[in-house]
Amino acid sequence: MDYKKTLNLPKTDFPMKASLARREPDQLATWEQEDLYRKIRRLSKGRRRFILHDGPPYANGHIHIGTALNKILKDIIVRSRQMAGYDAVYVPGWDCHGLPIEHNVDKELGARKKDYSQAEFRRLCRRYAEKFIDIQRREFKRLGVMGEWDNPYLTMNYAYEAVIAKECARFAQNGSLYRSQKPIHWCCSCRTALAEAEIEYHDESSPSIFVRFALCDDVGGQVPELAGKKVSVAIWTTTPWTIPANLAVALHPEFSYAAVQTGHAEVLILASDLVAACMQKFGVSDYRILAEFEARVLEGQKCRHPLYGRDSTIILANHVTLDAGTGCVHTAPGHGREDYEVGLKYGLEPFSPVDENGCFTPEIPDLRGQFVFAANSGIIDKLEDAGALLARENIDHAYPHCWRCKKPVIFRATPQWFISMDKTGLRRQALAEIDQVTWVPRWGRERIYGMIENRPDWCVSRQRAWGVPIAVFYCRSCGRIHINEEIVAHIHALFTAHGADIWFEKSVADLLPAGAVCEHCGGRTFVKEDDILDVWFDSGVSHAAVLEARDELRWPADLYLEGSDQHRGWFHSSLLTAVGTRHKAPYKAVLTHGYVVDAEGKKMSKSMGNVIAPGKVIERYGAEILRLWVSASDYRDDIHISENILKQLSDAYRRIRNTCRFMLGNLKDFDPGRNRVDYRQMPEIDRFALHRLQELIDRIRGAYERYDLHIIYHALFNFCTVDLSAFYLDVLKDRLYTSASGDAHRRSAQTTMYHLLDAMVRMMAPVLPFTAEEIWRYMPDDGAREESVHMAMLPEANPAWRDAVLAENWNLLLAVRREVTRALEDARARKIIGHSLDAHVDLTADGDLYTKLSPYADQLRAIFITSGAGLVRGAPAEKEDENNATEGLSVRVAAAAGEKCARCWVHDTSVGRDAAHPAVCSRCRRVLAEIG
RNA sequence: GGGCCUGUAGCUCAGUUCGGUUAGAGCGCACGCCUGAUAAGCGUGAGGUCGAUGGUUCAAUUCCAUCCAGGCCCA
């Protein structure tokens, strides 16, 4: 007789093979069809809200692995909060304005660009952004990210643009928006400002000159050795044309400087470490160091400009290096970024006597009209004539060039708009607000604090086309901003109706009420500012344009979540725009994650060839493997990805899937409504499994709560492997398969598995939404289950199912079991047994251990999955295995007595005793009788 | 060059908060078992000078310093 047919073997249609890449899109389509998202929204109406506010990715290109990481993290958190009982609305957004789009549209147009008006050009930019929003939206949805995909926020929406203008106006109204000169990259041939991204570096030969700047006063008071001497500071520059704009000489506060007596009865000051090299350059072989001193003793001393006789101040700056030159840096605040920054500290003007063609203005009468690069040689001659030139040569170095015309660019100061960090106490308030925010990980606080503490005023103007204008008017005569509530409201209304485009299409007369008078000087003509805002301002006001504007959201957000670059970016600009206008941070908590790097920890780059595209991973493994990767990694660090890691994760996925499948198979005949067994009627091992489940629930819920996401994967996976597959489920097989289907103990096992699976599916749902749903729909129905796992809640730990005493006993049994499996392995190696059911084990336990084990004597064979197990009290055998971890125990293995039962495979002496079923043991005989 | 951060087995992570028994887990790997979870399942085993060096200490993976490697942001 074929006894296999009398067993209750697992059976399920739930496929072993996931085929994620193929099946996930079907699942997404089903959800869409069922309108699951709306159902969830309806279901959670009225619950307390959890708002994760999305940082908008830039609407350009396909998503990359870092974007995928970010969105998946967000999704896991949103889903887990939703399942924890919140109404967690997720409104994704896109950052739409800005240079890269403008740049790409520019490239597409090429020479035709001149045929397009600014309005038409802006329309093309808008269309370009829309195209990539659609592409990225598809890609995000494919990752399984749930949210308001039909109604995302776009920084180019008219209403959003109107808010940008309004928020900017608030800064104008409170007096922190001001206009000032600042040097920027400028192309003299295109006559346009250039952004860093529009600059290409090419090698070029430049004049390299050393110039002496004579000190005005005797510095004997500071450096006694120099009393009565004629002293000069030696500077070096590769842009002689900026010499006319020199206002200072910068020394490093921590370097040592030397006063060098040269043959010409003059003293030169330069960095000690560079004396020898410079003297050689200057052709001075005979020199003597008179003194060495710290730079700060000269701070504030005046030098005389070698050409124009005006003062040039000695200042201290950290950007000074010893890589080249003299350690004394020629400083022209109107012609260099660092010069400008240090100039701000010392109150130096960004003097920039160069016009938009790159020619000197009348401010430098002797050079007026000369193109700067052409003026170089004349300036060098003048310096030589003035006796100020120490040395000259040519050097090859990388110099910035315009991406469009390929000509060398210059730094030139032009009027820019700034938001002051200090006029209205913005910096102070922002720093205070930082401490009201929870930073995850904690060091995020130090990072942003340091940035806010040290940053200069925020330059918010850009001389570009694709963005929202700084919608202010200023007086032509006095330059002050003309603004009031009426104007702000009017512009807001216009932008809401027509978008920011209208600003460029209309004149001042159209936009400003007639008869406006400047309240500062009485002027009647006003200038409309056509510069646009820094895109960081656009996204920075999303708290106002999105959180405040949408009923389903709330200000401030519970959480902002982005990569660690956003301490400088979005977290930063959001904080400033919120504190500047609302005196509060727009977020309660900020979570940052690291960057995706390759197996070696190197950043991904096209040139390194180590880029892994999310699309490829999805194609090959499925989105859930990518999600599992996100959940398995500790996002606080950089996150490694490689083929090896993905392979490991897909193995892990299969293990989780198979464990669930096994339980589904064994639940095929289980009706939770009818067959459920009461906890109190359950065998201890089932209650132990439930106890472990409660521990798992605590651990996982806590991990979701604290955003310790990688704990979840590890806990769940270890539970599947260690607790279930290798122990509980393995032990259960005998009971499940061989008992009659309605047997109380079998029903108890099924009840336990039902609880296990139900809880596990809910807990995995935020991470593995596809697989969780798939399992959910295969699970036996108790009539009260939600139609989707995503409408269900995370499991609650049940205190009644926690049993510390029981757990202690069973943990001891597990330790004993480990000893037994090792002994079995030894017997297997000695060919005494093959399968563990071929064995009989005898335990010898000393007093204490025996007392603890003896209540379980009857269950030992089942726990060990052997055919027999004996327990006797006694001293353990001498010199047992030295690795024996369980004190007072020895294990002996022998071949099991009796024949192997053809039905349950247990060796038993009762096999053969029954004439009707000679191949079967007495236990199976009874079951056969029961099931007829 | 500066700020913030990271560096525990081949891989993903625990642990070290207040320094103190042979540093844990799973995967992978090797070997074996099973063939009633079967393109599955079970077991055993090997793998780590806790990035390097120096210091503090009776004692350091854990504290300090320096260095190396890597990341983000500045310059």
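Just so we're on the same page: letters track the sequence lines, and every chain starts at 1. Computed from heavy atoms alone, side chains included, the values below leave out hydrogens, waters and symmetry copies. Bear in mind that the values here come from a model prediction, so they are computed numbers and not experimental data.
- Atoms CG (A/L709) and C1' (B/U12) sit 15 Å apart, rounded to a whole Å.
- A gap of 33 Å separates the C1' atoms of B/A30 and B/G70, to the nearest Å.
- A/H840 places no side-chain N or O within 3.5 Å of a backbone atom of A/A895 that could act as its donor or acceptor partner.
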Practice prompt. At under 4.0 Å between heavy atoms, which parts of nucleotides 34-42 of chain B does protein reach? Answer with one letter per nucleotide, 5' to 3': B base, S sugar-phosphate only, - none.
Written response: SSBBS-SSS
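- Distance CG (A/L837) to P (B/G43): 14 Å, rounded to an integer number of Å.
- A donor-acceptor pair is defined here as one N or O able to donate and one able to accept, closer than 3.5 Å; no such pair exists between the side chain of A/R746 and the backbone of A/R735.
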Worksheet item: When every nucleotide of nucleotides 69-75 of chain B is labelled 5' to 3' by its protein contacts under 4.0 Å (heavy atoms), B for base, S for sugar-phosphate only, - for none, what sequence of letters results?
Response: -SSBSSS
Item to complete: Show your reasoning for whether side-chain contact (heavy atoms from CB on, under 4.5 Å) applies to A/R445 and A/H567.
Response: CA-CA 9 Å; A/R445 186 255 175 210; A/H567 286 112; over 6 Å; no
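- Residues A/W458 and A/F418 keep their aromatic ring centres 6.0 Å or farther apart.
- Contact record, A/M764 with A/C660: CE-SG, 3.8 Å, taken as the closest heavy-atom pair.
- The backbone N or O of A/S605 sits less than 3.5 Å from a side-chain atom of A/N610, completing a donor-acceptor pair.
- For A/H917 and A/Y3, the distance between ring centers is under 6.0 angstrom.
- Across B/A14 and B/C34, the matching P atoms stand 39 Å from one another, rounded to whole Å.
- One C1' atom belongs to B/U57, the other to B/U12, and the distance between them is 35 Å to the nearest Å.
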Worksheet item: Could you go step by step and tell me if A/D734 and A/R923 meet the side-chain contact (heavy atoms from CB on, under 4.5 Å) rule?
Response: CA-CA 12 Å; A/D734 179 76; A/R923 183 177 63 133; 2.8 Å; yes
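- At whole-Å resolution of the value, CG in A/L814 and P in B/A25 are 14 Å apart.
- Here A/F411 and A/H185 bring their ring centres to under 6.0 angstrom of each other.
- Base orientation of B/G10: anti, since the glycosidic angle falls outside 90° of 0.
- At distances below 3.5 Å, at least one donor-acceptor pair connects side-chain atoms of A/E624 with backbone N or O atoms of A/T771.
- In summary, the side chains of A/Y595 and A/D565 do present a donor paired with an acceptor at a separation below 3.5 Å, with no hydrogens or angles considered.
- In RNA chain B, runs of at least 3 consecutive Watson-Crick or G-U pairs, each pair with both distances below 3.5 Å, span B:1-7 with B:68-74, B:10-13 with B:24-27, B:29-33 with B:41-45, B:51-55 with B:63-67.
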